[in-house]
Chemist: 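Handing you a structure now.
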Amino acid sequence: MEDEYIKHFAEILKNAKPINGADAVLKASNVQGDVRVHYKDQPDFERIARQFGVFQEWKDGVPRTAYKGVVVFRYPPPRRVFLVGPKSFELLGIKSV
C-alpha cells in the first residue's frame with residue numbers, strides 16, 4: 001500500500017511548479033496550481049515556513065508533519081505548496097524533474 005502512495009505522491013510533487021529565490025509567498029500566489037519550494041537545511045526551512053506562516057518545528061532532524069522530508073500545506077486554498085527537503089526526491093524515488 002505504501003508503495004502505491006509513494007508513486008502517487010511523487011507524481012504530484014514532480015508536477016508541481018518549482019519556485020526559487022526570495023519572496024516565495026508572492027511567487028506562489030502568482031502561479032496557477034501546485035508549487036514546490038526546495039529548502040537546503042533547517043534554517044532555510046524555518047525561513048521559508050515563516051514566510052508562509054506554517055509550523056516551523058523540527059523533530060529528529062526533520063520538520064514535523066513531513067513525509068519523506070516534504071511538508072505539504074495549502075496557500076491559499078486550493079493551491080498546494082510542497083516544501084521539499086534536500087533528500088526528498090531520492091527518498092521518493094524521483095530520478096529527474
Side-chain angles (χ1 to χ4, degrees):
M1 190 95 170
E2 184 180 10
D3 289 343
E4 290 302 315
Y5 179 76
I6 288 174
K7 288 177 192 173
H8 175 73
F9 188 73
E11 192 62 33
I12 292 169
L13 187 59
K14 284 187 337 190
N15 291 330
K17 181 172 175 50
I19 292 179
N20 301 307
D23 297 326
V25 173
L26 180 61
K27 290 176 183 176
S29 297
N30 290 321
V31 172
Q32 293 292 341
D34 298 337
V35 297
R36 70 175 185 261
V37 182
H38 291 264
Y39 63 88
K40 298 177 289 217
D41 52 25
Q42 183 174 352
D44 195 36
F45 171 83
E46 290 173 354
R47 179 186 59 79
I48 296 165
R50 194 173 306 111
Q51 289 177 25
F52 283 100
V54 297
F55 201 49
Q56 304 165 33
E57 186 176 337
W58 278 54
K59 182 176 180 176
D60 299 328
V62 295
R64 265 197 202 273
T65 74
Y67 177 72
K68 306 285 186 187
V70 180
V71 174
V72 185
F73 58 94
R74 296 191 183 270
Y75 188 93
R79 177 183 300 109
R80 285 179 292 204
V81 176
F82 298 91
L83 300 185
V84 183
K87 295 182 182 178
S88 296
F89 278 14
E90 178 184 335
L91 293 171
L92 291 165
I94 300 173
K95 303 274 190 255
S96 63
V97 178

Chemist: Any idea which heavy atoms bring Ser88 and Gly85 closest together, and the distance?
Modeler: OG-N, 3.0 Å
Chemist: List, by chain and then residue number, the residues other than Leu26 in its hydrophobic cluster (Ile/Leu/Val/Met/Phe/Trp/Tyr, side-chain heavy atoms under 4.5 Å); write none if there are no others.
Modeler: none
Chemist: Please list, chain by chain and in numerical order, all residues satisfying side-chain contact (heavy atoms from CB on, under 4.5 Å) with Lys40, sequence neighbours excluded.
Modeler: Asp44
Chemist: Which pairs, with at least one residue in residues 59-72 and sequence neighbours excluded, count as a side-chain hydrogen bond (donor to acceptor under 3.5 Å, both in side chains)?
Modeler: Glu2-Tyr67, Glu57-Arg64
Chemist: Quick check on the hydrophobic clustering: are Tyr5 and Leu91 connected, directly or via other members, by side-chain heavy-atom contacts under 4.5 Å?
Modeler: no
Chemist: My understanding is that only residues two or more places apart in sequence, or in another chain, count here; which of them pass salt bridge (charged side-chain N to carboxylate O under 4.0 Å, His left out) with Glu11?
Modeler: Lys14
Chemist: Working to the nearest 0.5 angstrom, can you tell me the gap between Arg36 CZ and Asn20 CG?
Modeler: 9.0 Å
Chemist: Can you list the residues that meet the side-chain contact (heavy atoms from CB on, under 4.5 Å) rule with Glu4, with sequence neighbours excluded?
Modeler: Lys7
Chemist: Check which hydrophobic residues are tied to Phe45 through side-chain heavy-atom contacts below 4.5 Å, counting indirect links as well, and list them.
Modeler: Ile19, Val25, Val31, Val35, Val37, Tyr39, Ile48, Phe52, Val54, Trp58, Val71, Phe73, Tyr75, Val81, Leu83
Chemist: Listing request: all salt bridge (Lys or Arg N to Asp or Glu O under 4.0 Å) pairs with a residue in residues 85-97, at least two apart in sequence or in separate chains.
Modeler: none
Chemist: By salt bridge (charged side-chain N to carboxylate O under 4.0 Å, His left out), which residues pair with Lys27, not counting sequence neighbours?
Modeler: none
Chemist: Looking at Ile6 and Leu92, what are the two nearest heavy atoms and their distance?
Modeler: CG2-O, 3.8 Å
Chemist: Under the side chain to side chain donor-acceptor pair (under 3.5 Å) rule, collect the residues that match up with Glu46, sequence neighbours excluded.
Modeler: Gln42
Chemist: Please list all pairs passing the salt bridge (Lys or Arg N to Asp or Glu O under 4.0 Å) test where one or both residues lie in residues 72-82, with sequence neighbours left out.
Modeler: Asp34-Arg80
Chemist: Applying side-chain contact (heavy atoms from CB on, under 4.5 Å), name anything that partners Gln32, two or more places apart in sequence or on another chain.
Modeler: none
